[in-house]
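Chain A is the first sequence line, chain B the second, and so forth, proteins listed ahead of strands; every chain is numbered from 1. Here the structure is a predicted model, which means the values were calculated and not measured.
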Amino acid sequence: FYLTPPQVNSILKANEYSFKVPEFDGKNVSSVLGFDSNQLPANAPIEDRRSAATCLQTRGMLLGVFDGHAGCACAQAVSERLFYYIAVSLLPHETLLEIENAVESGRALLPILQWHKHPNDYFSKEASKLYFNSLRTYWQELIDLNSGETTDVREALINAFKRLDNDISLEAQVGDPNSFLNYLVLRVAFSGATACVAHVDGVDLHIANTGDSRAMLGVQEEDGSWSAVNLSYDHNAQNEHEVERVKMEHPKSEEKSLVKQDRLLGLLMPFRAFGDVKFKWSIELQKRVVESGPDQLNDNEYTKFIPPNYHTPPYLTAEPEVIHHKLRPQDKFLVLATDGLWETMHRQDVARIVGEYLTGVHHQQPIAVGGYKVTLGQMHGLLTERRARVSSVFEDQNAATHLIRHAVGNNEFGTVDHERLSKMLSLPEELARMYRDDITIIVVQFNSHVI
Amino acid sequence: AARMFLRLLSDIQWRAANPKWRGMTSSRRSTSTTAEPHPVSLPAQAQVVICGGGITGTSVAYHLSKMGWKDIVLLEQGRLAAGTTRFCAGIVSTARPLSIELKMAHYSNKLYEQLEQETGVPTGYTKTGSISLAQTQDRLISLKRIASSLNVMGIPCEIITPKQAVQLHPLINIHDLVGAMYVPEDALVTSANVSLALATAASRNGVQIHERTSVSHVTVQKGRVTGVETDRGRIQCQYFVNCAGQWAYELGHSGEEPVHIPLHACEHFYLLTHPLTEPLSSSLPTVVDPDGRIYVRNWQGGILSGGFEKNPKPLFTEGRNQLEIQNLQEDWDHFGPLLSALLRRMPGLEALQIMQLVNCPESFTPDMRCIMGESPTARGYFVLAGMNSAGISYGGGAGKYLAEWMVNGYPSDNVWPLDLKRFGTLQSSRTFLRHRVMEVMPLMCDLKVPRWDFQTGRQLRTSPLYDRLDAQGARWMEKHGFERVKYFVPPGKDLLDLDHSKTFYKPDWFDIVGAEVKCCKEAVCVIDMSSFTKFEISSTGDQALESLQYLFSNDLDVPVGHVVHTGMLNEKGGYENDCSIARLSKRSFFMISPTDQQVHCWAWLKNRLPDDSSLTLEDVTWKYTALNLIGPRAVDVLSELSYAPMTAEHFPSLFCKEMSVGYANGIRVMSITHTGEPGFVLYIPIEYALHVYNEVMNMGQKYGIRNAGYYALRSLRIEKFFAFWGQDLDAFTTPMECGREFQVKLEKGMDFVGQEALLEQKQNGVYKRFTMFILEDHDTDMDLWPWWGEPIFRNGRYVGKTTSSAYSYTLERHVCLGFVHNFDEKTGEELVVTTDFINQGEYEIDIAGQRFQAKAKLYPFSSLFTQRRRKDEVELSGYQRE
């Protein structure tokens with residue numbers, strides 16, 4: 001059976017979200033105009049997560065996509081927590097003191113982040129206290145460490161990633177008296193998540209990436225055409241440097257068993273990730289935690305299974321690779337997306353489709369008759385065809401949705417084929433994952449007037 | 001592209017065609033390409049400077065010089081006829097709904113027809129005729145209405161069947177047509193050449209023409225034009241004429257004293273093709289398909305086709321920029337829907353080869369009518385612009401009217417619908433204009449049914465009660481930017497949505513307004529009438545009284561507290577304004593005029609009141625909210641609220657008193673209602689408006705009070721034979737012609753404006769007479785409704801047109817008001833209209849070609865009026881046109 005175009009649209013648009021940076025005095029002073037985001041599930045429930053927030057105590061905006069594996073618990077936790085860790089890492093000493101004093105004396109806390117969330121993006125209420133305590137411990141340490149130096153964004157990002165992963169690991173080791181929470185922290189630690197996060201502050205764009213999601217810059221060339229610039233490296237077997245790194249960190253004897261079938265220890269696709277303590281803890285620790293853990297954990301074959309050739313953990317890290325880019329006027333937008341998109345579309349196509357979408361039909365090449373022989377009938381046909389094309393663009397009010405439409409529905413000619421789109425979206429749950437992965441996309445549009 | 005167009009559109013070498021013109025300009029032209037462009041210096045002074053060498057500027061120059069004015073300089077920033085005039089489609093079409101526009105187009109047609117013979121410049125004039133197509137019955141009705149008014153003007157015109165249409169133009173696909181209108185004398189011209197021919201004739205008459213000269217601004221001193229600053233020096237002048245087309249707005253704003261000319265340009269596209277295999281005949285009629293939004297004319301064996309799309313592209317909102325008119329882009333995607341309409345109408349053109357899509361900006365005005373006349377603030381500053389894409393059709397006639405205006409002080413016909421002074425600063429906002437013209441341009445092709453309203457640029461001026469009334473179901477119309485209530489939709493009742501309520505027949509609000517009228521007749525209604533123009537005139541001595549006595553025809557030397565209905569007449573005795581004036585004290589007067597008089601009346605008074613610091617004129621329109629309490633119980637409501645007796649003994653008709661209403665003091669109460677019904681208008685300082693309204697509504701409950709709107713007011717005033725200025729009365733109508741002699745005091749002991757003319761009329765009789773018609777065999781449910789502009793026939797012969805109409809819920813008949821003339825059967829000369837002439841005729845009113853018997857009356861039905869009133873107290877004045 002087929003889905004009608006409105007049915008297709010309602011599926012594609014279910015998770016779309018747009019945010020426009022508010023203007024002051026009729027001017028947007030931020031280098032970001034706003035962003036569109038969306039996700040299309042293939043897993044049930046979806047294992048991807050996304051986050052976006054404006055830093056309130058420092059400048060800048062944070063955006064990130066998170067691709068979970070072995071469940072969604074880790075991706076969920078990272079999507080809730082990571083930006084707080086980053087924001088805290090960026091805070092000056094005085095602000096940290098102020099916050100700590102407020103908590104100490106029970107006063108109202110300065111807001112640190114303003115979240116831009118789709119209604120489906122949830123935060124877990126049960127764990128908030130636990131998460132807050134871990135975060136507070138982090139900033140207390142930062143206060144004690146007071147280096148007096150101004151915070152470097154690169155360092156802050158790296159510290160935040162590592163610290164959060166550490167906290168996830170610790171919380172799972174310590175456990176929690178509340179059985180629900182206890183199970184939760186274990187699920188978080190035993191599942192995994194990649195993260196690709198952008199921090200935009202004026203013309204300074206930092207991308208911190210852990211895993212195989214990707215950040216890509218859309219650049220408009222002088223002739224109006226679009227090109228793509230990668231702002232992250234995939235951490236997987238296709239990345240020679242990454243394979244090299246892993247091999248460097250382990251004895252030569254393990255060289256053969258480290259990467260098998262393009263997977264870490266023959267199991268894991270991404271070479272860096274949050275959680276996944278099975279690739280980080282010693283065998284003893286894993287066994288102890290699983291045995292003392294709740295029954296559900298013990299019944300789970302995956303958690304009990306120790307990876308083969310597991311000799312010198314940790315094999316996995318959450319430390320991100322950070323790339324700094326100074327925005328130029330020709331840099332029009334940034335796409336952050338999980339590997340679900342990049343598996344189906346070349347980045348060059350992504351740049352073109354988003355670029356043409358954002359600039360709208362105005363930049364659609366105008367028709368000129370010039371000296372050619374064109375009849376009224378031919379022109380009429382041409383215009384009718386152009387209108388049809390334009391209207392498919394305007395079906396979407398969201399660049400991310402538009403991109404998903406192409407990613408799922410593109411035929412061999414690079415145009416959206418409704419029949420294909422309908423088939424792909426009507427796949428039964430158990431089959432969907434065979435044909436496509438979860439897709440999560442954030443398209444950030446830059447403000448050329450400021451850059 | 002620009003060069004190509006000169007070649008394409010001007011078929012002739014116009015410079016060579018006229019020796020005199022060449023002689024005058026050859027030196028300038030031959031050097032204009034060299035480094036020294038302006039060997040002929042500008043004169044230091046002239047009587048008239050015209051800015052703009054397009055069709056309007058050259059037409060004004062042509063007519064002024066014909067009327068004997070010689071000292072005229074015409075300045076053109078580029079080349080003559082190089083702007084919109086050169087790019088426009090060159091269609092002369094007389095099928096216009098508005099009578100004055102029809103006359104202008106008709107005159108233009110006659111003028112262009114003989115222009116080639118007069119000047120020797122080939123104008124490309126070809127009498128092709130035009131066919132307007134109707135795809136719907138409603139469209140056919142609107143065409144029939146136009147056909148009726150063309151026929152009585154003596155312009156041949158007929159409604160034809162689709163089959164007849166295809167015989168006239170074999171390319172038309174008639175499958176979806178219900179009928180058409182054929183105007184055989186409509187013509188085509190090469191528009192640039194018409195303009196050049198006019199310029200040629202003008203220059204022969206002594207007009208100096210300077211190209212490549214731009215006006216930077218106009219200097220004004222003491223409210224009079226003194227000169228013009230150009231890029232080539234200054235010219236002193238007494239008159240300046242702004243014919244700058246789409247740049248008229250900017251030019252108007254360039255001086256120290258801005259002249260507001262509300263117009264805005266939109267891109268306009270038309271298509272040119274190569275010739276057909278068998279080239280089209282140059283005499284093939286022009287086809288207008290308003291439902292398809294397109295027009296098609298033959299052009300050099302091929303076609304020229306353009307249209308008025310639903311989504312126009314306004315341009316130059318920020319003013320002039322580098323985008324020169326010649327460099328505007330073709331936009332095929334934008335033209336797509338019009339191309340579809342063209343191929344649907346003429347499928348045989350599929351294989352026709354495209355030559356070019358022309359982008360020719362046109363300027364549009366807020367009400368789709370052109371702008372002419374003198375600035376209200378700078379005397380001698382005249383304007384003719386904003387042709388709404390009919391520059392060629394109107395250019396000739398409009399130029400004539402403006403020339404007459406300048407030479408004689410007023411044109412030979414009523415041009416108030418086109419007068420610059422119908423607008424004020426409030427229509428001059430760029431945002432307003434941009435939004436409004438985006439509505440106006442599609443309207444060129446939209447069906448115009450009775451009482452349609454503009455949807456854009458609304459809610460600009462509102463009464464403080466706006467939200468309150470809106471919440472009670474008010475439906476709004478707009479007048480001079482002011483929101484006024486049409487009627488109130490009762491709770492629970494739904495009206496058709498906007499598009500579906502468009503009808504030439506009985507409208508969906510019929511019963512609603514009927515109920516409001518009934519309430520006015522039997523109980524009491526409140527109508528918010530805050531939009532009226534209100535002036536206060538006061539002086540330290542008797543200057544105010546003396547000046548007003550001179551400027552107004554009625555006697556204003558009445559006891560304090562009296563209200564006088566009076567005309568503000570011109571020298572010919574015609575109504576420049578019709579107003580009520582209350583004498584507040586010995587030395588101050590309060591004057592109520594129609595809403596759209598705000599600019600015109602102000603300018604009229606300012607120009608005529610003595611320049612005396614002891615005399616002050618103030619516009620207090622914004623200070624007062626006006627509530628009209630109409631109905632027999634109004635007196636009860638008001639006396640309960642004020643604890644003052646309001647009966648006729650204590651508060652006679654036409655009386656004005658400041659009193660308290662509720663807690664609010666200083667409310668000006670006048671015993672007039674503008675309808676002939678009993679009641680009062682309350683002029684309330686705006687901060688008390690809500691309080692007084694609430695008090696009135698609360699107190700009125702037990703008397704059955706309800707809100708009412710202007711439609712009820714209109715029905716009431718028309719059935720009582722009240723003339724409204726702007727609708728029924730104009731500058732060419734005198735009190736004698738509309739039965740208002742009693743509002744003129746010919747012997748008030750001093751001269752007043754128009755007195756002589758009125759005395760002469762009193763002696764010799766009048767040539768037209770305002771008459772009321774009751775439709776006899778008209779079925780309200782089934783027949784087309786009258787609107788205004790319907791021809792009146794007396795004993796089968798045309799005698800005039802209606803000016804307004806309404807359904808009278810009391811008579812249960814339609815009432816039309818209009819003027820009856822007496823045209824001599826042989827010569828067409830106008831003869832005196834006597835009472836007998838009116839009474840002894842059999843009348844018919846023509847509604848879209850169908851004639852209905854009507855009974856003529858010169859006086860209202862006295863039997864309708866149950867209240868006791870002395871005859872001289874009966875107010876016979878009202879103000880609003882719909």
Looking only at non-hydrogen atoms, find the nearest pair between A/Thr375 and B/Ile354 and report the distance.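 Shortest heavy-atom separation between A/Thr375 and B/Ile354 comes out as O-CD1, 3.8 Å.
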If I compare all heavy atoms of B/Leu271 with all of A/Leu376, which pair ends up nearest, and what's the gap?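 The pair with the smallest heavy-atom distance is CD2-CD2, 3.3 Å.
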Given that the side chain runs from C-beta out, which part of B/Leu342 has a heavy atom under 4.5 Å from chain A: side chain, backbone, both or neither?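 For B/Leu342, side-chain heavy atoms alone lie under 4.5 Å from chain A.
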Interchain contact, B/Leu343 with chain A, by part (heavy-atom threshold 4.5 Å):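 Contact with chain A: side chain only.
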Using a cut-off of under 4.5 Å on heavy-atom pairs, state which of B/Pro347, B/Gly336, B/Ser340 scores highest against chain A.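 Top option by heavy-atom pairs under 4.5 Å: B/Ser340.
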Measuring from atom CH2 of B/Trp332 to atom NE2 of A/His380, what distance do you get when rounded to the nearest 0.5 angstrom?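 Output value for this atom pair is 11.5 Å.
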Quick one: pull up NE2 in B/His274 and NZ in A/Lys373 and give me the separation to the nearest 0.5 Å.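 Output value for this atom pair is 8.5 Å.
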Does A/Glu221 CD have over 12 foreign heavy atoms under 6.0 Å away?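 Counting other residues, nucleotides and ligands, CD of A/Glu221 exceeds 12 neighbours.
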Determine whether more than 12 heavy atoms belonging to other residues, nucleotides or ligands lie under 6.0 Å from atom CZ of A/Arg59.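 It does not: A/Arg59 CZ has 12 such atoms or fewer within range.
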